[in-house]
Number of protein chains: 2
Amino acid sequence: MPADQPNPAVAFAKHDHSDCAHRILDRAEKLSEARGVRLTPVRRRTLEILLESHRAMGAYEVLERLAQDGFGHQPPVAYRALDFLVEHGLAHRIRRLNAFAACMAPGQTHNPVFFICRACQSVAESSTPELRDRIDAAADAIGFEVERANVEALGLCPACADREE
Amino acid sequence: MPADQPNPAVAFAKHDHSDCAHRILDRAEKLSEARGVRLTPVRRRTLEILLESHRAMGAYEVLERLAQDGFGHQPPVAYRALDFLVEHGLAHRIRRLNAFAACMAPGQTHNPVFFICRACQSVAESSTPELRDRIDAAADAIGFEVERANVEALGLCPACADREE
DNA sequence: TCATGTATGTTATATCGTAACAAGTCAAGG
DNA sequence: CCTTGACTTGTTACGATATAACATACATGA
Ligand SMILES: [Zn+2]
Ligand SMILES: [Zn+2]
Ligand SMILES: [Zn+2]
Ligand SMILES: [Zn+2]
């Protein structure tokens with residue numbers, strides 16, 4: 001596993017998270033540069049906000065933070081920035097929560113599985129190509145062409161599982 | 001494959017769909033009876049509406065149909081019936097579409113994967129236990145306890161893929 | 001400089017979902 | 001038969017999520 005491939009377990013463990021955040025922001029800058037797209041102030045700030053924790057955040061929660069920082073106060077401000085991040089693989093949409101989370105492995109082709117703790121709302125992203133292979137196999141069997149696949153697992157993170165019992 | 005285990009490919013193919021619908025309605029009646037829950041008129045009608053096609057339907061679309069049939073006109077009427085069906089495994093929630101689809105294999109323990117055609121909105125449900133095993137394995141690796149997993153693949157069904165080119 | 005594409009911001013509205021309460025149904029026990 | 005309690009259906013009202021449409025600003029290169 002390369003150095004910049006984070007261990008998904010870290011999302012549920014105590015760790016120097018500002019380190020995660022800085023590493024990923026740097027990577028986001030470089031990726032945007034390389035692709036010729038602009039990581040503008042709102043977009044960058046939006047990513048920073050998502051990176052403040054391993055939780056998923058709703059668009060309105062992000063918006064509130066952006067507004068405090070002097071950006072616009074209306075929903076499209078947040079949705080546009082979030083859509084940009086999602087489109088460029090810098091964030092993911094967590095559909096079960098109607099929320100967004102920073103991607104923890106931007107730039108790497110990954111078929112993410114999201115593990116969502118129903119108690120503390122933290123989200124871990126694990127990269128599992130074999131899973132995608134299985135989905136493609138099932139799709140082939142019925143002649144379906146998969147363009148994107150989304151896997152979300154709901155349950156309890158280690159800490160919250162301990163706490164329940 | 002047992003006779004009552006439908007081929008997921010059928011969702012995307014021409015077939016006698018009223019046959020699907022009747023078979024599943026019968027099964028739903030029996031399952032409800034066996035579990036001591038009541039498949040009341042609204043609930044049954046809601047399932048019938050979902051079963052009219054292999055598409056997913058939004059709650060408000062279902063509500064409109066229920067209202068035409070003399071049931072209540074307010075959102076909770078539809079949401080309650082749909083929640084009942086989902087809770088008892090007679091329907092599934094398709095999160096990517098904010099919509100609901102009848103379960104095509106009610107009563108069987110299944111770890112469904114949904115194949116959603118982005119062109120014609122039809123949904124096929126495929127049952128793939130190995131997939132769940134993969135998810136559980138990835139979860140184990142980080143100490144996460146999976147309670148429910150949701151897999152949704154977006155793409156093109158065979159017919160729509162042909163039509164695109 | 002000026003045309004062009006892109007980004008940001010606003011108003012307004014669409015779409016999806018739920019809380020809270022009232023009224024009706026139904027079966028079990030007195 | 002009548003009460004009681006669990007459940008079901010219906011309503012009003014509201015909350016939460018998301019987008020359309022348009023105006024303004026800003027970059028970038030002819
Ligand atoms: Zn971290
Ligand atoms: Zn947790
Ligand atoms: Zn059918
Ligand atoms: Zn199709």
Side-chain angles (χ1 to χ4, degrees), chain A residues 28-29 32-33 35-50 55-88 90-101 116 121 150 152, chain B residues 28-29 32-33 35-50 55-88 90-101 116 121 150 152:
Chain A
E29 299 268 19
S32 299
E33 172 92 39
R35 288 179 193 153
V37 298
R38 294 165 50 199
L39 190 62
T40 59
V42 225
R43 293 169 176 173
R44 190 190 148 96
R45 184 74 194 112
T46 300
L47 182 54
E48 284 174 11
I49 290 168
L50 291 182
R55 274 178 51 238
M57 291 178 81
Y60 281 75
E61 197 180 348
V62 170
L63 176 59
E64 205 172 301
R65 300 288 311 279
L66 288 173
Q68 285 169 15
D69 292 345
F71 298 100
H73 287 56
Q74 309 307 325
V77 170
Y79 280 102
R80 282 197 287 236
L82 290 165
D83 287 347
F84 170 89
L85 296 175
V86 169
E87 186 179 349
H88 293 92
L90 302 174
H92 296 288
R93 192 168 193 144
I94 309 296
R95 304 210 87 111
R96 179 174 287 269
L97 303 176
N98 289 328
F100 300 82
I116 306 164
Q121 279 74 54
N150 195 268
E152 296 180 2
Chain B
E29 300 267 20
S32 299
E33 172 93 40
R35 288 178 192 154
V37 299
R38 293 166 48 199
L39 190 63
T40 59
V42 224
R43 293 169 177 173
R44 191 191 147 97
R45 184 74 193 112
T46 300
L47 182 54
E48 284 175 9
I49 289 168
L50 291 182
R55 276 178 49 237
M57 290 178 80
Y60 280 74
E61 197 180 346
V62 170
L63 176 58
E64 205 171 299
R65 299 288 313 276
L66 288 173
Q68 285 169 14
D69 293 347
F71 296 101
H73 291 237
Q74 309 306 324
V77 171
Y79 279 103
R80 281 197 290 237
L82 290 165
D83 287 347
F84 170 89
L85 295 175
V86 169
E87 187 180 349
H88 293 92
L90 301 175
H92 296 288
R93 194 168 192 141
I94 309 296
R95 304 208 92 106
R96 177 173 287 269
L97 303 177
N98 290 328
F100 300 82
I116 306 164
Q121 278 75 53
N150 196 269
E152 296 179 1

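Numbered from 1 within each chain, the chains take letters A, B, ... in sequence-line order.
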Among the candidates [options], find the nucleotide nearest to the side-chain atoms of [X].
X: B:Arg80; options: D:dA13, C:dT10, D:dT9; result: D:dT9
X: A:Thr40; options: C:dT8, D:dA18, D:dT8; result: C:dT8
X: A:Pro76; options: D:dT19, D:dT9, C:dT18; result: D:dT19
X: B:Arg43; options: D:dT9, C:dT18, D:dG10; result: D:dT9

*Taking only N and O in the side chain of A:Asn98, is any of them less than 4.0 Å away from OP1 or OP2 of D:dA18?*
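Yes, such a contact exists.
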| message | Does C:dT18 have OP1 or OP2 under 4.0 Å away from a side-chain N or O of B:Tyr79? | response |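 Result: no.
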### Query
Separation of B:Glu61 atom CD from C:dA14 atom P, in whole Å?
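Checked: the CD to P distance equals 18 Å.
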* Rounded off to whole Å, could you give me the CZ-to-C1' distance for the B:Arg96 and D:dA18 pair? =>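 It works out to 16 Å between those atoms.
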If you round to the nearest 0.5 Å, how far is CZ of B:Phe84 from CZ of B:Arg38?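 Reported value, rounded in 0.5 Å steps: 9.5 Å.
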Tell me whether the side-chain N or O atoms of B:Tyr60 pair up with the base of C:dG17 as donor and acceptor below 3.5 Å, since no angle test is needed here.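 Such a pair is found, so the answer is yes.
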Fill in: 5' precedence on DNA chain C between A:Arg38 and B:Leu97 (nearest-nucleotide basis)
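This one resolves to A:Arg38.
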What is the nucleic acid contact for [X], judged by heavy atoms within less than 4.0 Å: base, sugar-phosphate only, or nothing?
X: B:Phe71; value: sugar-phosphate
X: B:Arg93; value: sugar-phosphate
X: B:Arg95; value: nothing

